[in-house]
2 protein chains.
Amino acid sequence: MEHERRSYGQYCGLAGALDVIGERWTLLIIRELLIGPCRYNELLANLPGIGTNLLAARLKYLAKDGLIEVVPPDQNSKIKRYRLTDEGEALREPVLGMARWGLGRLDAPEVEEAVRPRWAMLAVEAMIDERRAADLDESYEFDIDGEVFHVEARYGKVKVIPGPANQPVLTAQTDARTFVDIGAGRMDPLEATLTKRLVMEGDIEAILRCCRLLGLAPG
Amino acid sequence: MEHERRSYGQYCGLAGALDVIGERWTLLIIRELLIGPCRYNELLANLPGIGTNLLAARLKYLAKDGLIEVVPPDQNSKIKRYRLTDEGEALREPVLGMARWGLGRLDAPEVEEAVRPRWAMLAVEAMIDERRAADLDESYEFDIDGEVFHVEARYGKVKVIPGPANQPVLTAQTDARTFVDIGAGRMDPLEATLTKRLVMEGDIEAILRCCRLLGLAPG
DNA sequence: CTGCATCCGCCTCGATACTG
DNA sequence: CAGTATCGAGGCGGATGCAG
């Protein structure tokens with residue numbers, strides 16, 4: 001006995017979007033997949049509080065609606081993974097926009113708040129202002145609690161990529177909590193550096209260019 | 001006995017945003033207020049299906065979170081209105097982004113789908129590509145089922161404004177259903193014109209410039 | 001009439017247990 | 001590892017009540 005899905009029943013783009021991605025947990029699943037393809041149990045681990053039945057149901061709907069697809073297990077690893085389709089990937093911009101909006105409003109984390117280094121990667125992507133990258137041709141490497149990724153700025157186009165950079169002009173090492181604090185505007189990079197919670201290595205000018213790209217410094 | 005609000009409990013911008021605007025109906029309330037300040041019963045009328053208690057509860061939370069504020073009744077009209085604060089207004093970009101995403105996926109409306117001319121105004125705003133307005137200095141007037149608004153393009157900055165335009169180079173008249181069909185890409189402006197569902201008056205070149213601005217024509 | 005508050009039935013959600 | 005099954009609690013939808 002299948003039940004029909006709840007719908008707003010409005011002939012409007014936003015209502016149509018929310019019919020698909022408006023239910024609880026759905027956009028957070030999209031967030032995880034925006035960072036990269038995931039296995040079922042990875043999603044479960046990075047979405048503390050979601051019921052396993054609910055995750056399964058959401059994945060089923062998202063696949064039926066064409067936002068995600070299953071990467072079948074290949075020869076070496078017999079593990080099924082989920083990944084965004086182009087249609088799902090097209091949500092990146094608006095979702096990052098919402099993340100940027102929410103980042104600026106974040107309060108200090110309560111005791112029970114979950115913190116994951118991978119979310120810092122999305123925070124970086126949300127903070128980037130590509131208009132400030134017109135003259136850049138370099139990359140910055142981040143190590144957040146051991147999770148390593150880098151930002152590649154190439155003449156106006158900026159990408160955030162998992163893994164270490166080739167020849168970064170800057171490496172930054174910190175913990176997820178501190179990084180999100182900085183992104184939320186509640187801690188200054190200077191303060192984090194002075195208290196040794198943030199350690200940056202590289203040319204001073206490169207550090208400033210990186211901070212400007214992330215909206216952490218004027219200019 | 002007040003109940004604590006449900007939260008994802010994640011120290012992440014997106015999760016923080018969804019704690020505030022992720023509940024059912026909330027983003028649609030924001031949509032209505034993005035179009036313009038509204039009275040309680042206007043919201044109720046344009047959100048068919050919402051419970052009156054739920055609307056009241058959402059408005060209360062949105063006010064407490066600083067996204068909306070109450071415009072007190074002034075002398076001539078003793079009617080209370082709700083309007084977005086700057087914080088709420090800051091959601092315009094990501095919300096329009098989601099609307100654009102959803103607009104492209106809209107199926108033909110089912111029998112029971114609600115259609116409101118005011119939503120066409122938001123659809124226009126979502127469709128606009130400001131990068132194509134660099135050389136424009138003119139305005140286009142729309143009449144959707146009697147709801148009149150206009151688009152003002154001024155050298156790269158484009159605004160959608162309620163009410164008639166001053167000296168529009170183009171006036172377009174149609175019904176909400178047809179307009180959303182065009183926005184969703186399921187009907188061509190040409191087809192709508194030939195079937196008399198869309199009537200445009202103005203210079204042929206102006207019509208083409210307007211279509212390009214809305215992503216309805218290449219170039 | 002507007003702007004809510006209260007009540008109730010149902011559906012969704014969250015947690016745990018269980019299976020291939 | 002990757003889900004399915006089950007069940008209690010709470011959020012939602014609709015009707016109704018009521019004060020200004």
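Letters A, B, ... are given to chains in the order of the sequence lines, protein chains preceding strands, and every chain is numbered from 1.
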d(CD, B/Glu4; P, D/dG11) in whole Å: 11 Å
Measure from the side-chain heavy atoms of B/Thr52 and tell me the nearest of D/dC12, C/dA5, C/dG14. C/dA5
For B/Ala57 and for B/Arg39, locate the closest nucleotide of DNA chain C by heavy-atom distance; then report the residue assigned to the nucleotide nearer the 5' terminus. B/Arg39
So, does A/Lys60 get its side chain near the phosphate of D/dT4, meaning an N or O under 4.0 Å from OP1 or OP2? yes
Name the closest nucleotide to the A/Glu23 side chain, picking from C/dC13, D/dT4, C/dC4. C/dC13
Tell me whether A/Glu138 is salt-bridged to A/Arg154, with the criterion being a basic N under 4.0 Å from an acidic carboxylate O. no
Atom CG of A/Leu47 to atom P of C/dA15: distance rounded to whole Å? 13 Å
Among C/dC4, D/dA2, C/dG3, the one nearest any side-chain atom of B/Ile79 is C/dG3
Answer with yes or no after comparing the ring centroid distance for B/Tyr8 and A/Trp25 against a 6.0 Å cut-off, counting only values under it. yes
Atom CG of B/Leu55 and atom P of D/dT16 are separated, to the nearest Å, by 20 Å
I want to verify a distance call: between C/dC13, C/dT12, D/dA2, whose nearest atom is closest to the A/Asn41 side chain? D/dA2
Taking for each residue the nucleotide of DNA chain D bearing the nearest heavy atom, is the 5' side occupied by A/Tyr8 or by A/Arg81? A/Arg81
Considering just the side-chain nitrogens and oxygens of B/Arg24, establish if one lies under 4.0 Å of OP1 or OP2 belonging to D/dG13. yes
Is A/Tyr82 close enough to D/dG3 that one of its side-chain N or O atoms is under 4.0 Å from OP1 or OP2 there? yes
Record whether the side chain of A/Asn53 comes under 3.5 Å of the base of D/dG3 through a donor-acceptor pair of N or O atoms. no
Could you report the tightest heavy-atom contact between A/Arg24 and B/Ser7, atom names first, then the distance? NH2-O, 4.0 Å
Closest contact, heavy atoms only, B/Arg186 versus B/Pro109: NH2-CD, 4.4 Å
Between atom CG in A/Leu44 and atom C1' in D/dA2, what is the gap in whole Å? 9 Å
Interatomic distance, B/Ile50 CD1 vs C/dG3 C1' [rounded to whole Å]: 14 Å
How close or far is atom C1' of C/dC4 from atom CG of B/Leu43, stated in whole angstroms? 13 Å
Which whole-number value in Å describes the distance from A/Tyr40 OH to D/dC1 P? 13 Å
Rounded to the nearest Å, what distance is computed from the CG atom of residue B/Leu54 to the P atom of nucleotide C/dC10? 19 Å
So what does B/Arg58 touch, heavy atoms closer than 4.0 Å: a base, only the sugar-phosphate, or nothing? sugar-phosphate
Please tell me if A/Trp25 has a side-chain N or O lying less than 4.0 Å from either OP1 or OP2 of C/dT12. no
With A/Arg5 as the cation and A/Tyr61 as the aromatic partner, state whether NZ or CZ is under 6.0 Å from the six-membered ring centre and within 45° of the axis. yes
Between B/Arg6 and B/Ala56, which residue's closest nucleotide on DNA chain C lies nearer the 5′ terminus? B/Ala56
Which atom pair, heavy atoms only, marks the closest approach of A/Gly146 to A/Asp143? N-OD1, 2.7 Å
